[in-house]
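Heads up: the structure comes next, in structure tokens.
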Amino acid sequence: MPIDVDEVQRRKAIAKATLTVAARDGARAVTIRAVAKELGGSTAMVTNYVPTRIALITNAVAAAESRWRADLDAHVGELAGEERLRATLEWNLSTEPDDLLLRRLWVEMLSSLQGGGDAAETHEPEETLAELHEAAEAAGVADPELAADLLFLLTRGYLISTVEDPAMWTPERVGRVAGVVVEMLTR
């Protein structure tokens, strides 16, 4: 008789094991075999749910997205106008302990997609752009679409910069940048 497995729970377990392998051995060490070993099972235990290495990494990044959404909602709360825009940007320009690991996996995922192989099953870019547009519009920015594009590119550059040299981008330095950008957009 087949074993009844909760797919959502299995994907969560695979995501957790992926992060464990990446934290211990580095992003490049994340393989289906290494994650299966971390789970204590066969590679089929993984490939039944995520068939490729990129799908494995995408699964881990996607699992973090729901946490990111909840964190952003809590950070922004009921803020309005310019304060909402500043809080949204500051949150997008922040780094929590797990973020650097997830960013390394994210870069690994993106670099593997350049050949048009597996498409990343994530809506995070669109959701982030929409959040930035909404915040810019709420702040009364003259061209919220352009502002959202600018802020999106700024935050993406920040993500890459923190992978390259995390010590360079202190919270104080990033906070100054966020403040100046919001001020420039809302004048």
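In this text the structure is predicted, and so the values were computed from the model without any measurement. Along the sequence shown, residues carry numbers from 1.
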message = For R176, is there an ion pair with E172 - N to carboxylate O distance below 4.0 angstrom?
response = no
Single-linkage hydrophobic cluster [X]~[Y], side-chain heavy atoms < 4.5 angstrom:
| X | Y | value |
| --- | --- | --- |
| L56 | V8 | no |
| W169 | V180 | no |
| L153 | V174 | no |

Looking at side-chain heavy atoms only, is the closest gap between [X] and [Y] below 4.5 Å?
| X | Y | result |
| --- | --- | --- |
| L102 | W68 | yes |
| Y158 | T95 | yes |
| W91 | D71 | yes |

From [X] atom [atom1] to [Y] atom [atom2], the distance as rounded to the nearest 0.5 Å:
| X | Y | atom1 | atom2 | result |
| --- | --- | --- | --- | --- |
| H75 | E90 | NE2 | CD | 5.5 Å |
| T43 | N48 | OG1 | CG | 9.0 Å |
| L150 | M184 | CG | CE | 8.0 Å |
| L72 | E65 | CG | CD | 12.5 Å |

message = Pair L93, L154 - check side chain to side chain contact (heavy atoms under 4.5 Å, CB included), show working.
response = CA-CA 9 Å; L93 297 176; L154 174 68; 4.2 Å; yes
Taking all heavy atoms of [X] and all of [Y], pick out the closest pair and write down the distance.
| X | Y | value |
| --- | --- | --- |
| L100 | P166 | CD1-CB, 3.8 Å |
| I57 | M109 | CG2-CB, 3.8 Å |
| A36 | S42 | CB-O, 3.4 Å |
| R53 | I32 | N-CD1, 4.0 Å |
| A15 | A63 | CB-CB, 3.8 Å |
| E124 | T128 | OE2-OG1, 2.6 Å |

key: E7: salt bridge (Lys or Arg N to Asp or Glu O under 4.0 Å) partners, not counting sequence neighbours   = R11
Any sub-3.5 Å donor-acceptor pair from [X]'s side-chain atoms to [Y]'s backbone N or O?
| X | Y | result |
| --- | --- | --- |
| R104 | G26 | no |
| N92 | T88 | yes |
| S111 | E108 | yes |

key: Full working for side chain to side chain contact (heavy atoms under 4.5 Å, CB included) between E82 and E183   = CA-CA 9 Å; E82 190 176 322; E183 184 179 319; 5.6 Å; no
Please report, to 0.1 Å, the donor-acceptor pairs under 3.5 Å made by any side chain of residues 130-147, with sequence neighbours excluded.
from, atom 1, to, atom 2, distance (Å)
E131, OE1, R69, NH1, 2.9
E131, OE2, R69, NH1, 2.7
E134, OE2, R84, NH2, 2.9
D143, OD1, E145, N, 3.4
D143, OD1, L146, N, 3.2

key: From T162, D98, I160, residue fulfilling side-chain contact (heavy atoms from CB on, under 4.5 Å) relative to R103   = T162
In residues 16-25, what donor-acceptor pairs under 3.5 Å come from side-chain atoms, sequence neighbours left out?
from, atom 1, to, atom 2, distance (Å)
T18, OG1, I14, O, 2.7
T20, OG1, K16, O, 2.9
R24, NH1, E38, OE1, 2.8
R24, NH2, E38, OE1, 3.2

key: CA sep, side-chain torsions, deciding dist, call: D149, L129, side chain to side chain contact (heavy atoms under 4.5 Å, CB included)   = CA-CA 7 Å; D149 288 346; L129 192 57; 3.7 Å; yes
